[in-house]
Number of protein chains: 2
Amino acid sequence: MSAPTMQQVARRANVALSTVSYALNGTRPVSEETRLRIRQAMADLGYQPNALARGLASKRSRIIALLFPALPRGFGATELEFVTGAAEAAQEHAYHLVLWPMEIHAVGELQQLIRQNLVDGVLVMEVRLRDERIDLLRHISVPFSMIGRPTDASDLSFADIDWEQTTHDAVTYLVGLGHRHVVFLNHTEDAFNAGYGPAVRAAATFDQVAREAGLMPISRFCGDTALAGQEVFEELVTAHPELTAMVTINERATVGVMQGAAMHGWRIPDDLSVISVASSARVAEMTLPPLTSLTPPSSELGHLGVETLIGQLEEETSELVQRLLPCRLVIRGSTGPSPDPARPRPRVP
Amino acid sequence: MSAPTMQQVARRANVALSTVSYALNGTRPVSEETRLRIRQAMADLGYQPNALARGLASKRSRIIALLFPALPRGFGATELEFVTGAAEAAQEHAYHLVLWPMEIHAVGELQQLIRQNLVDGVLVMEVRLRDERIDLLRHISVPFSMIGRPTDASDLSFADIDWEQTTHDAVTYLVGLGHRHVVFLNHTEDAFNAGYGPAVRAAATFDQVAREAGLMPISRFCGDTALAGQEVFEELVTAHPELTAMVTINERATVGVMQGAAMHGWRIPDDLSVISVASSARVAEMTLPPLTSLTPPSSELGHLGVETLIGQLEEETSELVQRLLPCRLVIRGSTGPSPDPARPRPRVP
DNA sequence: CTGAAAGCGCTAACAC
DNA sequence: GTGTTAGCGCTTTCAG
């Protein structure tokens, strides 16, 4: 009834316990013939190695942890794709992925979990520009890799969205449509100040690209709610009536902007173009019109993050892996040519 | 450098190894004084028990698996909340949660994973009315619990949305607003035939409740895309011009219906009321107008599922836990009084 | 109330 | 090429 052990396999195949182990792991050459006998015995018994025993003896559990912030700006479809991608990648490499939801400053808790020696390594998601978790992991020298990256990541492995490239693509696309008055809609100022990478990097790039294109770099922070988005729309078109396009990285606020526009009789994209950066297809297809967006490679990031980590765990030569993936431009209905300045747009009181 | 062991704690506290174990687990009375000495020694060394060793010796890993379908109808915010809830609950009980994404028929793979003896139990999500995974788990008698439930769940533990109650609430709310011509928008026919619980239960309840209220129970299957939703809108208002309200359980199609309505000049809720069952707040707030919806208790379900399972693992008396949680009605902007039949609505060609 | 010792099922020396 | 054996760090009898 209870699971067959390696000892039982060994007896059935008439070999020593260790030979079974060697055959199983390929740790030592085993003659073709005995290998076959062992295989057969395993099959007969339906043997599966005991993960705990293996881990204890080898000091390698083949379990990795995914560390994610407990209550971030509100997780959405993008994050789930990421998690799923990571879990799949782990499975493909015969690892297990455990979930460690954790408040971002709960470093003590993190340390305790690590000390349990359950996991071989940690994949940290939503890394901040300054991030205590990273400091800790570095300090206790646990293998880890990151999605996102702190300010100085020169000696660390990571996979991240290429915010610079992606923001550049967004602006360039709008400029190509003739827009000269583009604003950038960011996350909240708090997120920015907390060193949330996307908020900081995209903003900086926007400023730079806009300037290079000869535009005024106007931007706004915005709460992560539809209501906040509506309010920002009203404020913006009042303060900058010449505005014809927006680049947004704040999904929920983006929806608010579109609602605000609709409520004031502005038509998208005729009166205003909107391009949403790093917004999932799921959400982009949900608005009316559907959002032109730069779709994040969530699942790829998950895979990459896990594979980078496993690479570190298995290679002797643990070389750095630093990958920046761009978002993919998907043109939907929310962007169009810059409106004719002669044609008046509905007044926003 | 390497993690302190129980042996080291024992030496430092001048007690036997086993006494440390007993003190740690409370498995046997230990005098106040020695307990204190041991505590101190642990603190001094920063001791954390080795999870693998503990698991191997006790045959209880304190790891549970979350089994979820690899490519379901498209996971969204709701599912992530659920997963997060489950992970949190596990952590609160000092368990670890591993993710096993798996094709729903890959029962062999499931069995292999279980045989590794890594996990103490399994939480299955998205359970179908007939579900091979459940058959397997039953058969090899692994502790498990479910989110959702098969047709005959009389002897199994589960937590599920109360689809009957929820659907009932939706219809009742619309009827209360004066609607007499209500249709039900389901998931795809394939999902229905595959025994996807929500699709089957909500449909059956809708029919019954509608009949009891003296309404014609009209319903439609629909692809899980906005486009499919648009098409169904057109088909429906053509086939049933008297229609004034819809109950939907298909989030993406719901959005399509609203888009279709908008495209044909129908105003929501003036011309048509829409109530979305089991749709997350995140999505509901995204449409214009925001969707009146029955918000699923995702996080609670996650917690409950995990706690039910842990209950089974720890109690001697493993009594059944069967919990049905209703969705919570959140009235937003997509529902209103039934329109005056005298007032014509825009024609849909 | 405490100790000593036998495993849990496996890996990885160390032998031959 | 294969066998023997000493642990991995803990739980849990069995003895006192």
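Order of the sequence lines sets the chain letters (A, B, ...), proteins ahead of strands, with each chain counted from 1. Computed over heavy atoms, backbone and side chain alike; hydrogens, waters and symmetry mates excluded. Bear in mind the structure is a predicted one, so any value in this text is a computation, not a measurement.
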Q. Partners of Gln322(B) by side-chain hydrogen bond (donor to acceptor under 3.5 Å, both in side chains), sequence neighbours excluded?
A. none

[N] [atom2] sits how many Å from [X] [atom1], rounded?
| X | N | atom1 | atom2 | result |
| --- | --- | --- | --- | --- |
| Arg62(B) | dC10(D) | CZ | P | 15 Å |
| Leu17(B) | dA4(C) | CG | P | 10 Å |
| Glu33(A) | dG1(D) | CD | P | 12 Å |
| Arg37(B) | dC1(C) | CZ | C1' | 12 Å |
| Arg35(B) | dC1(C) | CZ | P | 9 Å |
| Gln116(B) | dC10(C) | CD | C1' | 14 Å |
| Gln7(B) | dA4(C) | CD | C1' | 11 Å |

So does [X] pair up with [Y], basic N to acidic O under 4.0 Å?
| X | Y | answer |
| --- | --- | --- |
| Glu126(B) | Arg133(B) | no |
| Asp152(B) | Arg130(B) | no |
| Arg149(A) | Asp131(A) | no |
| Asp44(A) | Arg12(A) | yes |

Are [X] and [Y] close enough that some pair of their side-chain heavy atoms sits under 4.5 Å apart?
| X | Y | value |
| --- | --- | --- |
| Ile114(B) | Trp100(B) | yes |
| Leu309(B) | Ile64(B) | yes |
| Phe68(B) | Thr84(A) | yes |

Q: With heavy atoms under 4.0 Å as the rule, sort Thr5(A) into base, sugar-phosphate or nothing.
A: sugar-phosphate

Q) 5'-most contact on DNA chain C: Ala16(B) or Met6(A), nearest heavy atom basis? A) Ala16(B)

Q: With a 4.0 Å heavy-atom cut-off, tell me which residues in residues 20-31 of chain B come close to DNA chain D, sorted by residue number.
A: Ser21(B), Tyr22(B), Asn25(B), Arg28(B)

Hey, can you pull the donor-acceptor pairs under 3.5 Å for the side chains in residues 28-37 of chain A, sequence neighbours left out?
unit_1, atom_1, unit_2, atom_2, d
Ser31(A), OG, Thr34(A), N, 3.3
Ser31(A), OG, Thr34(A), OG1, 2.7
Glu32(A), OE1, Arg35(A), NH2, 3.4
Glu33(A), OE2, Arg37(A), NH1, 3.0
Thr34(A), OG1, Ser31(A), O, 3.0
Arg35(A), NH2, Val30(A), O, 3.2
Arg37(A), NE, Ala13(A), O, 2.9
Arg37(A), NH2, Ala13(A), O, 3.0

Q) What side chain to side chain donor-acceptor pair (under 3.5 Å) pairs are there with at least one residue in residues 48-59 of chain A, not counting sequence neighbours? A) Asn25(A)-Arg54(A)

Q: Could you go through the side chain to side chain donor-acceptor pair (under 3.5 Å) check for Gln91(A) and His96(A) one step at a time?
A: CA-CA 6 Å; Gln91(A) 214 160 70; His96(A) 293 273; over 6 Å; no

Q | N/O (side chain, Thr19(A)) to phosphate O (OP1/OP2, dG3(D)) under 4.0 Å | A | yes

Q) Can you check whether Thr34(B) has a side-chain N or O nearer than 4.0 Å to OP1 or OP2 of dT2(C)? A) yes

Q. Looking at DNA chain C, which of residues 41-60 of chain A put a heavy atom within less than 4.0 Å of it?
A. Tyr47(A), Pro49(A), Asn50(A), Ala53(A), Arg54(A), Ala57(A), Ser58(A)

**Q.** Estimated bend of the helix from dC1(C)-dG16(D) to dC16(C)-dG1(D) (axis per five terminal pairs, rounded to 10 degrees)
**A.** 40°

